[in-house]
Amino acid sequence: MLVTDEQVAALRAYLVDDEEESDRLIGYLEQSGGLDGFSALFGSAFFDAVNRRFAPTWSVAEVVRFVATVRAHHLADPNDLDPLNAERLIRTALGDGSVDDLDDEIRAAQMILLPVLIHEEQPNPVALEDILAQARRRANSLPL
Amino acid sequence: MMPVTADQVATLRAYLKGDFGEYERLVDQLDSGAARTGYSVLLAAAFFKAVDRRFAENGTDADVVEFVGHVRARSERLGDKIDPRIAERLIRAVYTDEDIDDIDGETVIGTQFLLLAALVVDERLDEAGLDRFLAEARALADQ
C-alpha cells in the first residue's frame, strides 16, 4: 500500500511539534487502519535522517555521543530512551547490524530520535517538504 | 576487615597512572581472597571519592549521562564493556539513595574500575595530587 497524504500530514505535524494536530491525525490513522503505513513512513524518514546526519563517514563514538546528548538534553527523564537500543537502531540504519528483535522499542526510540535529528537540521518549510517527500518515496518502494 | 595495605594502594596507583606493566605485576601479587577483597574495598572508596568530587555538589542527571557517554565514546572496547544505564546508576548511587543491589558484584567492580580511570584522567592530577587522592580513598576504605 502506498503512503497516504494523511500519513504524511501526521508525520509533518509530529516533526513541527504540533501536538494537537499530530494526536488528532494519529488517532484518525489508528481508527482507519493506517498506522502500519505511518510506521513505514516514520521508519523511512528516520533512515534518511540518520544517514544525512552520520553517513558516509561515521564512527561508533559519534553515535554513542549523540545518543548520550539526546538523553542528557532532550528528555525530561534520560531513562525514557534505552541507550543501547538507540545506538543499535542508529547503527542499523547506517548498515551496521540489525534490530529485528526490538519491535516496540524501535518505535519508541524512533519517536524520540527522529524529531531531534530533524530539529538539528533546522529545515525551513520547503526543506521539510523535501524531507517528507523523500521519506514517502522510500516508504513506497519498500517490499510488502 | 583488615586495613588497606600499601601494596593494594600501589596496585591501584599503577592502574590509574596507566603503568600497566607494573599494574599486572602487582595485581598478580594480590594472591589471597583477603587481599583481593581489600583491593575491591579500596577501589569502591576511590570511586566514591572521585564521583563525589565530580558530581555530588553541582552535578545533574544530564551531566552523569553525558559523562558516561563520553567515556563509552572513547573507544569501541569501552563502549562494549560499559553498560550505560548501569554506569549511570553506580554514579548516582554515590550521592542518592539509588538502589544497586540488583547489579552483580563483578559488574559493579568492573564498571567502577573503568569509570574511576576516566574520572581521574579528567581531573589531570599530578603525582602529588594522585597520592593525596589515594590517601583519602585509603582513609575512607579503612573507616
Side-chain angles (χ1 to χ4, degrees), chain A residues 49-51 53-117 119-120, chain B residues 18 50-51 53-104 106-108 110-119 121-122:
Chain A
V50 165
N51 278 273
R53 171 71 166 73
F54 292 101
T57 55
W58 64 278
S59 67
V60 172
E62 253 190 285
V63 174
V64 169
R65 275 195 297 268
F66 173 75
V67 170
T69 300
V70 171
R71 292 179 68 235
H73 299 295
H74 293 270
L75 300 175
D77 181 355
N79 289 322
D80 285 345
L81 180 63
D82 182 296
L84 293 178
N85 286 345
E87 288 165 17
R88 270 181 68 193
L89 194 57
I90 292 172
R91 288 173 69 167
T92 298
L94 294 167
D96 177 22
S98 79
V99 285
D100 290 340
D101 56 322
L102 285 180
D103 250 327
D104 286 344
E105 285 115 331
I106 294 177
R107 264 185 280 276
Q110 282 183 350
M111 296 294 282
I112 292 171
L113 291 171
L114 180 58
V116 175
L117 288 162
H119 288 158
E120 265 194 0
Chain B
V51 166
R53 271 148 66 141
R54 177 76 178 259
F55 295 107
E57 202 170 308
N58 294 314
T60 62
D61 280 354
D63 292 333
V64 173
V65 169
E66 276 211 304
F67 168 74
V68 171
H70 281 297
V71 176
R72 292 182 64 241
R74 275 154 139 139
S75 77
E76 200 154 345
R77 179 181 158 272
L78 285 174
D80 289 340
K81 274 185 163 296
I82 298 174
D83 180 309
R85 280 181 145 163
I86 285 177
E88 291 160 17
R89 287 177 63 198
L90 291 177
I91 291 172
R92 281 198 303 270
V94 167
Y95 55 90
T96 69
D97 56 4
E98 174 99 33
D99 181 3
I100 55 170
D101 287 345
D102 60 306
I103 308 174
D104 70 273
E106 202 178 312
T107 302
V108 169
T111 307
Q112 285 180 339
F113 220 29
L114 294 170
L115 294 177
L116 175 62
L119 286 161
V121 164
D122 284 357

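Protein chains get the first letters and strands the later ones, always in sequence-line order, with residue 1 at the start of each.
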Between [atom1] on residue [X] and [atom2] on residue [Y], distance to nearest 0.5 Å:
{"X": "L75(A)", "Y": "D61(B)", "atom1": "CG", "atom2": "CG", "result": "11.5 Å"}
{"X": "R72(B)", "Y": "L84(A)", "atom1": "CZ", "atom2": "CG", "result": "5.5 Å"}
{"X": "H73(A)", "Y": "T60(B)", "atom1": "NE2", "atom2": "OG1", "result": "7.5 Å"}

Original post:
Under a 4.5 Å heavy-atom cut-off, does chain B meet the side chain of E87(A), its backbone, both or neither?
Top reply: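 Side chain of E87(A) only, per the 4.5 Å heavy-atom cut-off to chain B.
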
Original post:
With only heavy atoms counted, which part of D82(A) is less than 4.5 Å from chain B, the side chain, the backbone, both or neither?
Top reply: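 Answer is both: backbone and side chain atoms of D82(A) are under 4.5 Å from chain B.
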
**OP:** Could you tell me which non-hydrogen atom of V64(A) sits nearest to which non-hydrogen atom of A73(B), and how far apart they are?
**Re:**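 Scanning both residues completely, I find the closest heavy atoms to be CG1-N, 3.8 Å.
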
Original post:
If you count heavy-atom pairs under 4.5 Å between each of A72(A), A68(A), S59(A) and chain B, which one has the most?
Top reply: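 Ranked by contacts with chain B, first place is A72(A).
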
